[in-house]
Amino acid sequence: MPLGLRRKLKTKSKEEARLVKVEQTGASVGSLPDPPAPPRKLVFHTQLAHGSATGRVEDFSSIKELYAKIAGVFEISASEILYCTLNTPKVDMERLLGSQIGLEDFIFAHVKGIKKEVNVHKSEDSLGLTITDNGTGYAFIKRIKDGSLIDSIKTICVGDHIESINGEDIVGWRHYDVAKKLKELKKDEPFTLKLIEPKKAFEVEPRSKAGKSSAGKISTGRETLRLRSKGPATMEEMLPQCLKLERTKVIQMNLLWHLTKLLETLHSQMNFSLMFGEPSVM
């Protein structure tokens, strides 16, 4: 092959190689990234602790937003909700909803029930109370020490919301402020508590069992939704303290609520028939 032709072929092959390289580089720069994965839709089931149909709540990132969602489902005011428990409708402080919710947890909302006013004579320095709050302004009794002064007053129960102390409204206070107020009360002087107990279901257990869990704790390794006072909620691994969903109890309570509504309807129809002398159906 002539020398000049050989040089031309080498030059052409080098130019083609450069052209292919440029085209490949341009294709990689202009290619679109993979679309982001769609956000995971988190849906939780909920009931009112004293009995209701089952509702669904989603799209919340704080306790305040959760209470608003639950209130919307059951058409009540969010201010009626005292606190929530997970996987049990009982006033069980071991299953109190805090900053984390397991993705399989069932939420029971405890709403305001009977108001009561209690006069207490502070004969001891310690009252025997443990106070907590729901994060939205309601402080309530988490624990009562056995044999304490408050333990002897049977009208004061675990789960009661403390509305006022000696006529001073404490709604909006954190639990440590309420505890400090109670501690500062003078010994050997009476004081008055205004309390609101959660609305009760049909089955009421003895007061001594309130706030104590008889079920063992189960570590399942499931994911949990962590709620924050500031910023979005985040997904984390389930803590060992979270409990497995008791589906049988949830189903039983749902059936009990529907049965009660049916009995109320039948009772109303029976009374209507008796008023007009018609035979009743038994």
Side-chain angles (χ1 to χ4, degrees), residues 49-50 62-68 70-71 76-86 88 90-100 107-200 207-213 227-230 241:
H50 63 277
S62 66
I63 295 292
K64 187 174 182 180
E65 289 181 6
L66 171 60
Y67 285 9
I70 295 174
I76 61 175
S77 171
S79 62
E80 288 295 305
I81 301 175
L82 295 176
Y83 45 82
C84 295
T85 51
L86 299 177
T88 178
K90 298 178 182 179
V91 180
D92 187 340
M93 296 293 110
E94 297 298 324
R95 303 191 189 184
L96 194 66
L97 186 151
S99 61
Q100 294 190 123
I107 304 171
F108 288 91
H110 298 255
V111 300
K112 292 180 179 179
I114 298 174
K115 292 188 176 184
K116 50 193 177 184
E117 184 172 309
V118 184
N119 295 318
V120 182
H121 181 78
K122 191 177 182 181
S123 57
E124 302 175 10
D125 291 325
S126 175
L127 296 175
L129 285 177
T130 300
I131 309 296
T132 188
D133 64 71
N134 66 356
T136 63
Y138 287 168
F140 53 93
I141 299 171
K142 184 176 183 180
R143 194 172 295 109
I144 298 175
K145 185 178 180 181
D146 291 339
S148 64
L149 172 62
I150 296 299
D151 188 44
S152 65
I153 306 173
K154 301 308 178 184
T155 52
I156 301 178
C157 303
V158 168
D160 285 355
H161 162 51
I162 304 175
E163 188 177 37
S164 71
I165 301 173
N166 280 338
E168 183 178 1
D169 187 356
I170 63 167
V171 174
W173 290 25
R174 294 304 309 270
H175 59 90
Y176 42 79
D177 293 321
V178 178
K180 181 181 178 182
K181 177 73 175 179
L182 291 171
K183 188 176 182 179
E184 290 175 348
L185 294 172
K186 295 181 179 179
K187 187 179 176 181
D188 295 325
E189 289 189 8
F191 64 93
T192 302
L193 294 175
K194 284 188 177 180
L195 308 169
I196 302 178
E197 66 181 39
K199 197 168 184 179
K200 296 293 192 301
R207 177 175 178 268
S208 60
K209 293 186 179 180
K212 297 179 180 179
S213 173
L227 304 176
R228 304 181 185 278
S229 58
K230 295 182 181 179
Q241 288 81 0

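We're numbering straight along the sequence, starting at 1. Side chains are part of it too, since the values below use all heavy atoms of this structure and drop only hydrogens, waters and symmetry mates.
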Tell me, do [X] and [Y] make a side-chain contact under 4.5 Å, heavy atoms counted?
X      : Y      : answer
Lys122 : Leu182 : no
Thr192 : Val120 : no
Lys181 : Trp173 : yes
Asp177 : Ile170 : no

Euclidean distance, [Y] [atom2] relative to [X] [atom1], rounded to 0.5 Å:
X      : Y      : atom1 : atom2 : answer
Leu195 : Thr155 : CG    : OG1   : 7.5 Å
Lys194 : Ile162 : NZ    : CD1   : 14.5 Å
Asp160 : Ile150 : CG    : CD1   : 10.5 Å
Lys154 : Asp151 : NZ    : CG    : 4.5 Å
Arg174 : Lys180 : CZ    : NZ    : 15.0 Å
Asp188 : His121 : CG    : NE2   : 5.0 Å

Stepwise side chain to side chain contact (heavy atoms under 4.5 Å, CB included) test for Arg143 and Val158: CA-CA 6 Å; Arg143 194 172 295 109; Val158 168; 5.5 Å; no
Please find the pair of heavy atoms, one from [X] and one from [Y], that lie closest to each other, and give the distance.
X      : Y      : answer
Ala109 : Ile81  : CB-CG2, 4.3 Å
Cys84  : Ile70  : SG-CD1, 4.0 Å
Val91  : Gly159 : CG1-CA, 3.8 Å
Leu82  : Phe140 : O-CE2, 4.4 Å
Ser123 : Lys187 : O-CE, 3.3 Å
Thr85  : Thr88  : OG1-O, 2.6 Å

From Lys112, Lys115, Lys116, residue fulfilling salt bridge (charged side-chain N to carboxylate O under 4.0 Å, His left out) relative to Glu197: Lys116
Heavy-atom donor-acceptor pair, [X] side chain to [Y] backbone, under 3.5 Å:
X      : Y      : result
His161 : Ala139 : yes
Asn166 : Phe191 : no
Asp133 : His175 : yes

Donor-acceptor side-chain pairing of Tyr83 and Lys142 below 3.5 angstrom: no
Residue from Asn119, Ile141, Ile156, Ile153 passing side chain to side chain contact (heavy atoms under 4.5 Å, CB included) with Leu193: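 That would be Ile156.
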